[in-house]
Engineer: 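Next up is a structure, given as structure tokens.
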Amino acid sequence: MPSLNVSFTDEELEGVRAAAAAEGKSLKQYLHDLGVREMQRQRFVAGATTWADRLRGEFDEAFPDEVPPSERDGAAAA
């Protein structure tokens, strides 16, 4: 497995070490888990967005007054 060098300022590293200690993890394990959690978060957000997009039309029909004015009649959101 390739190694990775990551640079932090002294202040940043102090904060990361404190966060790792608060979770009872080594710095290495904390940084690993942080990356994995971010990948999982991104997958969740993508899935939730897809799910919401599939239901948007049905919701808009059922609740026409709930559609934000900026998005009515196909207008792009600001």
Engineer: What is the distance from atom CG of Asp33 to atom NZ of Lys25, rounded to the nearest 0.5 Å?
Structural biologist: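 It is 3.5 Å, given to the nearest 0.5 Å.
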Engineer: Supply the atom-to-atom distance Leu34 CG to Gln29 CD, rounded to the nearest 0.5 angstrom.
Structural biologist: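 One finds 11.5 Å between CG of Leu34 and CD of Gln29.
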Engineer: Can you confirm whether more than 12 heavy atoms, excluding those of Asp10, are under 6.0 Å from its CG atom?
Structural biologist: no
Engineer: According to a hydrophobic-cluster definition based on side-chain heavy atoms being under 4.5 Å apart (Ile, Leu, Val, Met, Phe, Trp, Tyr only), do Trp51 and Val45 belong together?
Structural biologist: no
Engineer: Return the CG to CG distance between Leu4 and Leu31, rounded to the nearest 0.5 Å.
Structural biologist: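 Between atom CG of Leu4 and atom CG of Leu31 there are 9.5 Å.
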Engineer: According to the side chain to side chain donor-acceptor pair (under 3.5 Å) rule, which pairs have a member within residues 40-49, sequence neighbours left out?
Structural biologist: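 Applying side chain to side chain donor-acceptor pair (under 3.5 Å) to every pair that reaches into residues 40-49, excluding sequence neighbours, yields Glu38-Arg41, Glu38-Gln42.
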Engineer: Is the count of non-hydrogen atoms from other residues, nucleotides or ligands lying under 6.0 Å from Glu12 atom CD greater than 12?
Structural biologist: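 Counting other residues, nucleotides and ligands, CD of Glu12 exceeds 12 neighbours.
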Engineer: For a quick test of reading the model, state the closest non-hydrogen atom pair linking Tyr30 to Arg37 and the distance between them.
Structural biologist: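 Scanning both residues, the minimum pair turns out to be CE1-NH2, 4.2 Å.
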Engineer: What are the two closest non-hydrogen atoms of Ala20 and Ser26, and how far apart are they?
Structural biologist: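 Shortest heavy-atom contact: CB-O, 4.0 Å.
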